[in-house]
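Okay, structure first, notes after.
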Amino acid sequence: MLNPADVNKLACLFIEKTVSHFVRKKYSVSSVLDKRYFNNYVMGTELEHCLEYEDECNLLHSVEDVEIDDTVVITPCDNPFTISATLSTSSCTADNFYFGGTVYPSIALSNNSYYHDATSPLLYTDGCTGNLRTAGTARLGKVRTGALTASAFDNNVMLRFDTHFDITSGLTATAMPLGSVHKIKLTATDANGAGATTTTHQIDPSTVSTGVWTSCATCEAIDWTHLLFGASATNYVTAFTKLLKNVSRTLYGGLFIEPIVFRDPAAGTLSVHTLIKHNPTSRQVGIDVNNASITYDTNGSLNLVTKNFVPRSEAVVGTWFASCAETGSIITICPNGSTTSRAILIYGNFSSSSIPVDTAQSNWNFVKLTALNIGNSSSALTFETAVGSNVCNTYLVTATVSPDIAGTTYRWSNAGDTTLSTSKTVYLTTAATYTFTATTPSGCAQTYEYVFTIPA
Amino acid sequence: MTVTYTDCSTLTITSSNLLSTNTSVVLSMQYNCDQEWEKVITPATAPIVLTPEDFDTEDFIPDGIYYLKLEIVNSVGTEIVETKCKFVNCITSCKLLDAYKNNDCERTMAFFALLASDDCPDCSCADLCLLYNIATNNPCEDVKPCGCK
């Protein structure tokens with residue numbers, strides 16, 4: 001049996017001779033059809049099963065000089081090369097926290113320490129290289145409430161980062177120079193720091209002048225006239241602060257509150273902010289902002305007015321016992337009081353636009369923390385000191401061109417043919433198919449498709 | 001490239017170079033060394049199947065000589081060109097009946113050469129077109145019987 005290549009030769013030879021007959025009349029019809037080429041082709045195809053060895057030899061001899069070019073035409077680039085790509089992932093590290101422009105690695109909240117009394121803007125940078133990264137989250141720290149004890153104490157605000165509170169307004173020295181605070185409602189825990197109860201105490205100047213709040217052993221002397229609304233702001237704040245301390249000393253035998261008092265006589269505002277320990281192991285006295293009021297005498301003639309504390313708008317988030325809320329980079333910690341143990345992650349959203357890696361502090365993100373109703377934890381309430389654990393990653397894809405010819409240009413593009421990079425590397429953030437094109441100086445362009453998926 | 005013709009209605013083009021990773025595949029064609037036609041194919045591993053609709057006919061692909069040219073750009077940018085000249089024979093065999101009856105040796109010889117062209121991978125389309133024209137267009141009065149030269 002002839003092999004296919006030899007059959008091809010027989011066919012081509014037959015066709016060639018036939019065409020030659022028509023073109024150049026070189027072969028007679030009979031010589032083509034009857035004598036050789038046609039017969040040979042028919043024998044090599046239709047009659048191949050009848051061929052003897054000698055017949056095959058004769059056929060092969062007839063086509064031994066025939067050459068057939070059946071190769072595929074390939075027009076290669078001048079400099080053929082191959083392209084591949086690899087993905088490398090860089091994990092970010094939140095490497096610094098800033099508070100008021102100063103490196104502030106964490107907010108230490110622990111037993112027997114006072115909380116910060118104001119909103120704490122946290123600025124951070126991260127260790128990611130490059131300016132593009134995936135939108136993700138970075139854990140800045142966490143607050144662990146520990147085992148909460150179910151008691152009324154849980155319903156009291158024991159931790160808050162906020163501004164102080166306006167007690168009321170209109171207490172101007174001009175309008176009511178003889179007016180004064182008459183009663184104030186304070187909240188106190190038991191000796192173990194739990195079981196808070198709220199009691200209203202009369203603290204008007206007459207009780208001071210009669211020695212009710214200045215007669216304990218550790219009590220400080222107070223000029224009762226400084227408690228009148230007509231007094232200077234400095235004198236009023238000093239006297240009122242002493243008064244609150246004396247109340248605590250007199251009622252509970254010690255100094256448990258650290259009040260901060262502000263007064264603006266012109267605006268007629270009086271603000272009181274008590275700093276209260278979290279997880280106290282001893283008695284605590286302070287102002288429960290959810291159950292606080294003040295009664296004041298407008299003119300010294302017992303013309304009494306009672307008003308509740310009015311927290312400033314930015315200070316209270318109405319998400320008690322609700323799920324945590326997040327608005328932009330402002331995060332509210334609002335644990336559910338019925339949960340006995342709960343860890344709260346504080347995190348910020350990362351995106352390529354929100355976290356430029358530069359040294360301009362004004363561009364850094366910040367997280368505003370407002371913690372409400374943390375409750376009476378049996379363990380220390382602390383922010384993690386090991387801040388910076390995060391899930392922020394950068395994804396860098398690097399194309400490899402082999403051989404990498406000098407002068408070759410590169411281009412990464414997306415599905416919309418938008419140029420993402422003109423180098424061999426590109427930072428990717430969205431799962432999709434991207435195209436890398438390399439063009440040699442001779443104009444040979446080769447493309448490579450890279451399917452990017454965000455690693456699990 | 002291999003071209004097979006089935007039931008007068010399907011022209012199937014296969015090639016080991018038809019890969020899903022190709023970036024471009026263009027099939028161009030010339031009919032009877034005259035009419036030109038081009039079709040851009042979505043890169044695929046499957047054979048390219050042409051039907052009468054591709055030739056603006058309804059029932060069958062017209063008989064004749066088809067020059068097929070496959071231009072492929074593969075995944076690394078290399079351009080590969082494959083060509084094939086194909087004799088499509090649906091009704092030409094029947095048209096040759098009168099040649100047999102009239103002992104028209106030249107038409108018969110040309111037709112048999114066309115039939116042999118499937119076994120000739122590098123036959124030129126110009127040659128096959130010449131044979132096709134002789135096989136199908138020779139007038140009766142110009143009959144040249146075999147052996148009468």
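A, B, ... follow the sequence lines: proteins, then strands. Residue 1 opens every chain.
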B/E58, CD: over 12 other non-hydrogen atoms inside 6.0 angstrom: no

So, the part of B/S117 with a heavy atom under 4.5 Å from chain A: the answer is both

Between chain B and each of A/T447, A/T437, A/I83, count heavy-atom pairs under 4.5 Å; write down the option with the most. A/T447

Applying salt bridge (Lys or Arg N to Asp or Glu O under 4.0 Å) to B/D63 and not counting sequence neighbours gives none

Looking only at heavy atoms, the pair that brings A/F14 and B/A116 closest together is CD2-CB, 3.7 Å

Check whether B/L115 gets within reach of chain A through its side chain, its backbone, both or neither, counting any heavy atom under 4.5 Å. backbone

Distance in Å, A/I15 CD1 paired with B/M109 CE, rounded so as to fall on 0.5 Å steps: 12.0 Å

Kindly write out the residues that satisfy salt bridge (Lys or Arg N to Asp or Glu O under 4.0 Å) with B/D56, not counting sequence neighbours, or none if the list is empty. none

